[in-house]
Amino acid sequence: MKNHPELKDVLESDKNLEAEDIANILLAKSLLVRCDRVVKTVRPGKKKLSTWPAHLEIFPEQVFSENDAFFAWTFVKRHPLWQTLLSFFWPVLTLAICLFPVYPHRCKLLILYSCAGILFLILSLLLSK
């Protein structure tokens, strides 16, 4: 935050806050979470700890610290409408496919002729070009 003074422009009314104060505000609002590395030993063949550890755990004290601290942004990713609809129709489609053998004969014929028609349409489009 000290290296990017343009961040203070985003704060508008609180432009005179220090980096530590900004981080503590973000921590208090749970927009930022202080983390600690899970593996605190040097990997074999390496001389120092990784700067980007693969596994982090949430630190019990949510207070800003400059010494060996990692911070992660928290956000709620919203699911788009199509994903919600797909999560409903996917099991319904799976159930319909599994129950195909017990469909009435007319439904089976309708599905057979529909699939044959779609296949014929695809083949005719491929052969026409």
Side-chain angles (χ1 to χ4, degrees):
M1 290 184 195
K2 289 179 182 177
N3 296 338
H4 299 283
E6 65 270 6
L7 285 177
K8 291 190 177 185
D9 294 338
V10 176
L11 295 173
E12 294 173 2
S13 63
D14 297 331
K15 286 185 182 181
N16 56 355
L17 290 177
E18 293 295 320
E20 292 83 9
D21 297 330
I22 296 169
N24 282 326
I25 290 171
L26 293 174
L27 286 167
K29 292 183 178 183
S30 297
L31 296 172
L32 199 63
V33 178
R34 183 176 176 196
C35 303
D36 195 17
R37 57 174 88 231
V38 173
V39 180
K40 298 179 183 178
T41 56
V42 180
R43 292 188 314 181
K46 301 287 183 180
K47 294 182 180 177
K48 62 180 186 172
L49 288 171
S50 172
T51 56
W52 294 95
H55 301 287
L56 294 172
E57 62 184 359
I58 296 176
F59 202 77
E61 295 177 8
Q62 292 297 316
V63 180
F64 180 74
S65 170
E66 290 185 15
N67 302 331
D68 195 30
F70 296 96
F71 294 93
W73 291 105
T74 58
F75 63 93
V76 177
K77 187 175 181 181
R78 295 193 54 185
H79 297 289
L81 179 62
W82 68 267
Q83 196 173 18
T84 306
L85 293 174
L86 189 63
S87 67
F88 173 73
F89 286 116
W90 207 242
V92 172
L93 179 66
T94 304
L95 185 64
I97 291 170
C98 291
L99 291 176
F100 180 75
V102 295
Y103 283 1
H105 186 66
R106 286 185 179 173
C107 291
K108 290 180 185 179
L109 285 177
L110 178 68
I111 292 171
L112 174 70
Y113 291 142
S114 300
C115 290
I118 292 171
L119 182 63
F120 180 72
L121 177 69
I122 292 171
L123 287 175
S124 63
L125 286 173
L126 287 174
L127 293 176
S128 67
K129 291 190 177 195

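Residue numbers count from 1 along this sequence.
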Between atom [atom1] of [X] and atom [atom2] of [Y], what is the distance when rounded to the nearest 0.5 Å?
X	Y	atom1	atom2	value
L86	L81	CG	CG	11.0 Å
I122	L127	CD1	CG	12.0 Å
L125	F120	CG	CZ	10.0 Å

Check whether [X] and [Y] end up in the same hydrophobic cluster, where Ile, Leu, Val, Met, Phe, Trp and Tyr are linked by side-chain heavy atoms less than 4.5 Å apart.
X	Y	value
L112	Y103	no
L126	I118	yes
F100	L110	no
F88	L95	no
I111	L99	yes

(message) Main chain of V102, side chain of K108: is a donor-acceptor contact present, judged purely on distance under 3.5 Å?
(response)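 Flag not set: sc K108 to bb V102 has no pair under 3.5 Å.
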